[in-house]
A.B. asks: 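Below you'll find the structure I mean.
In what follows, every heavy atom counts, from backbone to side chain, and hydrogens, waters and symmetry copies are set aside. None of these values were measured; they are calculated from a predicted model.
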Amino acid sequence: MDIKNKSKPSLVMRILAVVVAVLLACTPAIAMADMVGIDVSGWQASNVTCTASYDFAVVKVSQGVGFENSSWRTQAKCVTDRGKSLGLYHYAGGNNAEAEADYFVGRARDYIGRAVLVLDWESYQNAQWGNSDWVRRFVQRVHTLTGVWPMVYVQASALGQIPGDVRANCGLWVAQYASNAPTGYQSRPWNYAVYGEAMRQYSGTGVVNTWSPIDLNIFRGEGWQWDLYANPTGGSTPPA
């Protein structure tokens, strides 16, 4: 190219270039995509996490002080074998809070520091439903045993049962559905982020590949943020 023969840009063109540069400088950074995922229990087949599409999967480990999901180890292994993000949850049965935390951690111990831990706080088969202090005692015991604060799953209408100090330490996983119509993954489900939640469950009638119905969720963050819920120190060794 012969630079000498290039004409100089007109005044209009130079002004336009400056305007474009200013607009680009003022454009906010585009956030990385949130993560989409499923949660499963013994109601689903043991190979559900081996074939479904997801960024993360949360697997039920236990309930109360005597129930263990017989498929959870297979379901959890498929998640980690595929290089996906794993969560493990305990369904509150309303027995002694510390005893239930011990029961959960005793089974999930091999995954401490690698999986996000979760308390599932619901009314069905939960003798302590409505008792906020039970939630506090459970999460505190899990933290004492593992060094990790678990997330707390709760329906939007019962958020008042989660004490402020628990919210300060634990991420919220809020359940609220716009309808019961079958749906695939959604990037911005109804009432997304209005509760300040870390994660949202927006359907119990989801469709993923050939799996249906299945719970659908969105995690408001990226993989490294998920990992910090699992291992808050960010170190290569799990918490104590």
A.B. asks: Is there a donor-acceptor pair closer than 3.5 Å between any side-chain N or O of Glu122 and the backbone N or O of Tyr91?
C.D. replies: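 No.
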A.B. asks: Got a sec: does the NZ of Lys84 have more than 12 other heavy atoms crowding it under 6.0 Å?
C.D. replies: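 For Lys84, atom NZ is crowded (more than 12 foreign heavy atoms under 6.0 Å).
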A.B. asks: Under 3.5 Å, side chain of Tyr202 to main-chain N/O of Gln186, donor-acceptor pair present?
C.D. replies: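 Yes.
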A.B. asks: Does Arg137 reach the main-chain N or O of Glu98 with its side chain, forming a donor-acceptor pair under 3.5 Å?
C.D. replies: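 Flag not set: sc Arg137 to bb Glu98 has no pair under 3.5 Å.
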A.B. asks: Return yes if some donor-acceptor pair links the side-chain N/O of Gln75 with the main-chain N/O of Ala45 below 3.5 Å, else return no.
C.D. replies: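 Checked: pair present.
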A.B. asks: Side chain of Ser132, backbone of Gln161: donor and acceptor closer than 3.5 Å?
C.D. replies: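 Between the backbone of Gln161 and the side chain of Ser132 there is a qualifying donor-acceptor contact (under 3.5 Å).
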A.B. asks: Trp129 and Trp134: aromatic ring centres closer than 6.0 Å?
C.D. replies: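 That pair fails the under 6.0 Å test.
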A.B. asks: Spell out, as yes or no, whether a donor-acceptor pair under 3.5 Å connects the side chain of Asn191 to the backbone of Val194.
C.D. replies: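 Checked: no pair found.
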A.B. asks: Looking at Tyr192, is its backbone amide N or carbonyl O close enough to the side chain of Arg220 to form a donor-acceptor pair, meaning the two atoms are under 3.5 Å apart?
C.D. replies: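 Here the side-chain-to-backbone pair does not exist.
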A.B. asks: Does CH2 belonging to Trp43 count more than 12 external heavy atoms closer than 6.0 Å?
C.D. replies: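 Result for CH2/Trp43: open.
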A.B. asks: What's the shortest heavy-atom distance between Ala198 and Gly171, and which atoms?
C.D. replies: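 Heavy atoms of Ala198 and Gly171 come nearest at CB-CA, 4.3 Å.
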A.B. asks: Closest heavy-atom contact between Lys77 and Thr80?
C.D. replies: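 Heavy-atom minimum between the residues: O-OG1, 3.1 Å.
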A.B. asks: Which word best sums up how the rings of His90 and Phe138 line up, parallel for under 30°, tilted for 30 to 60°, or perpendicular for over 60°?
C.D. replies: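 His90 vs Phe138 ring planes: parallel.
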A.B. asks: Sub-3.5 Å donor-acceptor pair from the side chain of Glu197 to the main-chain atoms of Leu172, do we have one?
C.D. replies: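 Absent.
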A.B. asks: Step by step, would you call Gln201 with Tyr153 a side-chain hydrogen bond (donor to acceptor under 3.5 Å, both in side chains)?
C.D. replies: CA-CA 9 Å; Gln201 184 188 87; Tyr153 170 96; 2.8 Å; yes
A.B. asks: Work out which heavy atom in Thr74 is nearest to a heavy atom in Thr49; give both atom names and the distance.
C.D. replies: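 Heavy atoms only, the tightest pair is O-OG1, 4.4 Å.
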A.B. asks: Considering non-hydrogen atoms only, spot the tightest contact between Gly42 and Asn69 and give its length.
C.D. replies: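 Reported closest heavy-atom pair: CA-OD1, 3.4 Å.
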A.B. asks: At what distance, to the nearest 0.5 angstrom, does CG of Asp34 lie from OG of Ser187?
C.D. replies: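 Reported to 0.5 Å precision, the distance equals 8.5 Å.
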A.B. asks: Donor-acceptor pair, Asn209 side chain versus Trp211 backbone, under 3.5 Å?
C.D. replies: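 Not at all, since once roles are kept as given, no pair shorter than 3.5 Å links the two residues.
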A.B. asks: Is Glu100 reaching over with its side chain to a backbone N or O of Ala97, donor-acceptor style, under 3.5 angstrom?
C.D. replies: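 Flag not set: sc Glu100 to bb Ala97 has no pair under 3.5 Å.
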A.B. asks: Taking the side chain as everything from C-beta on, heavy atoms only, tell me whether Phe56 gets closer than 4.5 Å to Asn217.
C.D. replies: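 Phe56 reaches Asn217 side chain to side chain.
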